[in-house]
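These notes concern the structure reproduced below.
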There are 2 protein chains.
Amino acid sequence: MATKRTSISDIAKELNLAVSTVSRALSGHSRISEATSKRVWKLAEKLNYQPNHLAAALRKGRSNTLGVIVPHIDGHFFALVIKGVEAVANKAGYNVMLCQSNEDYVHEQKNIETLMNAQVDGVLVSLARTTHDFKHFEKVRKRDIPLVFFDRILDGVNVSAVVLDDYQGGYQSVQHLLEQGCRRIAHFGGPQHLNIYKNRYAGYCQALHDHGVPFDQELVVFGDMTLADGMRSMTELLQLPQRPDAVFSASDFSAVGALQVLKQHQLRIPQDIALTGFSNETFASFTEPMLTSVDQRCEEMGGAAVRLLLEMVQERPTQLSPRKILLQPQLVVRESSRCRQE
Amino acid sequence: MATKRTSISDIAKELNLAVSTVSRALSGHSRISEATSKRVWKLAEKLNYQPNHLAAALRKGRSNTLGVIVPHIDGHFFALVIKGVEAVANKAGYNVMLCQSNEDYVHEQKNIETLMNAQVDGVLVSLARTTHDFKHFEKVRKRDIPLVFFDRILDGVNVSAVVLDDYQGGYQSVQHLLEQGCRRIAHFGGPQHLNIYKNRYAGYCQALHDHGVPFDQELVVFGDMTLADGMRSMTELLQLPQRPDAVFSASDFSAVGALQVLKQHQLRIPQDIALTGFSNETFASFTEPMLTSVDQRCEEMGGAAVRLLLEMVQERPTQLSPRKILLQPQLVVRESSRCRQE
DNA sequence: CTGAAAGCGCTAACAG
DNA sequence: CTGTTAGCGCTTTCAG
């Protein structure tokens, strides 16, 4: 029945060697004779030896596991980021332990506990929407465990991070709408304590400014970026004496909400109101009209984040200087904003 | 700088107790005095003691980690399943290690290696599309590590598994279409070596049969269930001398493909051709018309799968009798098939 | 180049 | 109820 795993000491016994010798041979140490090394490897293979990582981890104080905390995993952004993370991590010989905070601050704290208990060698985090402070991460830093944030970071805190240039994403979206002839461009914004939403908004403002279009406060609606929220915001905008001729939404979900409301009101897209979203979700090309959106280079982000983390894990002097990586977004133009005829 | 973790022995020293006593107190052992227990807990709290799980795992031979292998993580089905898995696993004090096979057999084998090395206590698997045999799982069984499959299982192999009653899903979809007055109902089917597609197809056939509608081979098109594939299949069907009046697609993606083709051909949905998909993807309510689909109870599936796995992990006699759990699907009727007028 | 021995932090007999 | 002791399997000095 259950076959006992073969251990280093089994091999050592069989070969009349010391465990230390076998250990060294197996871990490709230099100061070992070609001959013994061969013998060890051959027997290891034959006995189907599998190293006990737990033991090694305990001894070395490193687990070869990285922890990742994301707000959630549904919706393709984080899914793709994780794909990127896994690919790079596995290639480098690391395992990945995944936690979801469910957009909840308290849950996020628990996740940190979990990962610390699992002795991960480094942590990758994208903040929950409800996270406003940094207390729980102090613990990580105290233990001197490398920490890298991605996408959603807390503003004004000096940490290593990989983020999309959301400002550019916003800027390009609005510039594109302006080029299509739109002048009253509205914005659906998210919680402003999160860098991503703040920057998208900033890009929006700057683009308007640079093109000499006056900023109008009543065209900006903040919300939580769900589909329902988008419906609410759009309904609100349609009640203005002079309605907008375009909407730049900071999320594809609320953009779809807007889209549904516009259809209910028999308004044509993009002729009456042009529409752009953010994230380039899978469904962006499933709606009608297809939704213009901003691609966030998800997999690249995941890859870049782990690479940064691994650098920190491998070379010691961690605290020296937090590094930031800025990824360039890509505007994907589709029907909902294209070829606008005046 | 890096604070050293406090260990059990630190606490023991401080309190003039034996490590074993402290250990027992901390793990809520019964045979310990109320008083010492209190003292231990208090100090542990004060020193912010965090148990070293690796050490415990090494000692106990169990890692308190479960491994999960999924084909991929994008697309909401697996995302939600994983959410369910995590919720239940974490509540039971287990960590989850996630691997993606990328729908690739070879990659799946590597994932198994990875998880075995990480010493997981149990493995949860949903097969890659390209997996046709079971060799790599033998290793898991040899080691007597509990193994539970979910959703995608290999046909005819006797293992524990949690699956959706895909047959029912197919049956209900077709029955619903029949009730709407459709008679020439087509089917987009997936790779038939996978249980899920095979059963959806079987449900389709049986429903037709039970309602006295003759089966017509030319109305069944097999493919790989992508959006492009749906477009191809639909185009093919439209070339028939007598076109179908409904399509039951085994995937929402190919259903959307069909939907796009139908629109290009100026056909009305559901009046000219009714349409139903499978999986109830997020975007099912984003299309126009909204897509009728079958909900797969994703989170329940994840939860049920871990619970089954944990039972096996906790009580020893593993090999006794593989258990199967069958979840009932739920038809979600939306515009693409509703209130059909003849 | 190889061996002996110590110990990572925890648990589980076995004794009191 | 508490203490003593022995290891889980591996890496890593320190000696040869």
Side-chain angles (χ1 to χ4, degrees), chain A residues 2-41 43-44 47-65 93 116-121 143-145, chain B residues 2-41 43-44 47-65 93 116-121 143:
Chain A
T3 325
K4 206 187 147 298
R5 298 172 63 115
T6 84
S7 70
I8 283 197
S9 95
D10 293 335
I11 302 186
K13 225 163 276 170
E14 185 99 8
L15 257 39
N16 261 317
L17 286 172
V19 280
S20 49
T21 309
V22 176
S23 169
R24 279 187 282 245
L26 255 18
S27 49
H29 221 280
S30 53
R31 313 190 143 288
I32 221 82
S33 87
E34 191 70 358
T36 16
S37 184
K38 278 255 168 59
R39 292 202 316 156
V40 169
W41 276 102
L43 185 60
L47 298 179
N48 187 28
Y49 166 75
Q50 301 282 136
N52 183 333
H53 283 193
L54 288 179
L58 176 60
R59 176 63 232 248
K60 294 200 284 197
R62 313 189 311 99
S63 65
N64 262 268
T65 299
M116 302 305 277
N117 281 345
Q119 324 270 125
V120 295
D121 295 339
R143 289 251 196 90
D144 211 17
I145 292 176
Chain B
T3 324
K4 207 188 145 300
R5 296 171 66 117
T6 83
S7 69
I8 283 196
S9 94
D10 293 335
I11 301 186
K13 225 163 278 170
E14 186 98 6
L15 257 39
N16 262 320
L17 287 171
V19 280
S20 51
T21 309
V22 177
S23 169
R24 280 186 282 244
L26 255 16
S27 48
H29 222 280
S30 53
R31 313 190 142 288
I32 220 84
S33 87
E34 192 67 1
T36 16
S37 184
K38 278 257 167 59
R39 293 201 317 155
V40 169
W41 276 101
L43 186 59
L47 297 179
N48 187 28
Y49 166 75
Q50 301 283 136
N52 184 333
H53 282 197
L54 288 178
L58 176 59
R59 177 63 233 249
K60 294 200 283 198
R62 314 189 310 100
S63 64
N64 263 267
T65 298
M116 301 305 277
N117 281 345
Q119 322 271 122
V120 296
D121 294 339
R143 289 253 196 89

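These figures come from a predicted structure and were not determined experimentally. A note on names: the letters A, B, ... follow the listed sequences, proteins ahead of strands, and every chain is numbered from 1.
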Can you tell if the side chain of A:His53 reaches within under 4.5 Å of the side chain of A:Asn64, non-hydrogen atoms only?
-> no
What is the distance, to the nearest angstrom, from the [atom1] atom on [X] to the [atom2] atom on [N]?
X: A:Arg39; N: C:dT2; atom1: CZ; atom2: C1'; answer: 12 Å
X: A:Arg62; N: D:dC10; atom1: CZ; atom2: C1'; answer: 14 Å
X: B:Gln119; N: C:dC10; atom1: CD; atom2: P; answer: 19 Å
X: A:Leu58; N: D:dG9; atom1: CG; atom2: P; answer: 12 Å
X: B:Ile8; N: D:dT2; atom1: CD1; atom2: C1'; answer: 15 Å
X: A:Leu17; N: C:dG3; atom1: CG; atom2: C1'; answer: 10 Å
X: A:Asn16; N: C:dT2; atom1: CG; atom2: C1'; answer: 13 Å
X: B:Asn64; N: C:dG9; atom1: CG; atom2: P; answer: 19 Å

If each of B:Glu34 and B:Ala55 is mapped to the nucleotide of DNA chain D with the nearest heavy atom, which maps nearer the 5' terminus, i.e. the 5' end?
-> B:Glu34
At under 4.0 Å, does any side-chain N or O of [X] touch on OP1 or OP2 of [N]?
X: A:Ser7; N: D:dG9; result: no
X: B:Tyr49; N: C:dG9; result: no
X: B:Ser9; N: C:dC10; result: no

Please answer whether the main-chain N or O of A:Val19 pairs with a side-chain N or O of A:Ser23 as donor and acceptor at a distance below 3.5 Å.
->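 Side chain of A:Ser23 to backbone of A:Val19: no pair is present.
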To the nearest 0.5 angstrom, please state how far the [atom1] atom of [X] sits from the [atom2] atom of [Y].
X: A:Thr36; Y: A:Leu15; atom1: OG1; atom2: CG; answer: 9.0 Å
X: B:Leu17; Y: B:Ile8; atom1: CG; atom2: CD1; answer: 11.5 Å
X: A:Arg59; Y: B:Leu58; atom1: CZ; atom2: CG; answer: 12.5 Å
X: A:Ile32; Y: A:Leu26; atom1: CD1; atom2: CG; answer: 10.0 Å

Under 4.0 angstrom, heavy atoms only, what part of the nucleic acid is [X] near: base, sugar-phosphate, or nothing?
X: B:Ser23; result: base
X: A:Ser27; result: nothing
X: A:Leu54; result: nothing
X: B:Asp10; result: nothing

Between the side-chain atoms of B:Arg24 and the base atoms of D:dG3, is any donor-acceptor pair under 3.5 Å?
-> yes
Answer with yes or no whether B:Ser20 presents, from its side chain, a donor or acceptor under 3.5 Å of a partner atom in the base of D:dT4.
->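 Pair found.
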Among the nucleotides C:dT2, D:dT2, C:dG7, which one has an atom lying closest to any side-chain atom of A:Arg59?
->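 Among C:dT2, D:dT2, C:dG7, the one nearest the side chain of A:Arg59 is C:dG7.
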Counting side-chain heavy atoms from CB outward, which of C:dG3, C:dC10, D:dT2 is closest to B:Asn52?
->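 So the side chain of B:Asn52 is nearest to C:dC10.
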If you find the nucleotide of DNA chain C closest to A:Lys60 and the one closest to A:Val19, which residue's nucleotide is nearer the 5' end?
->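 Upstream on the strand: A:Val19.
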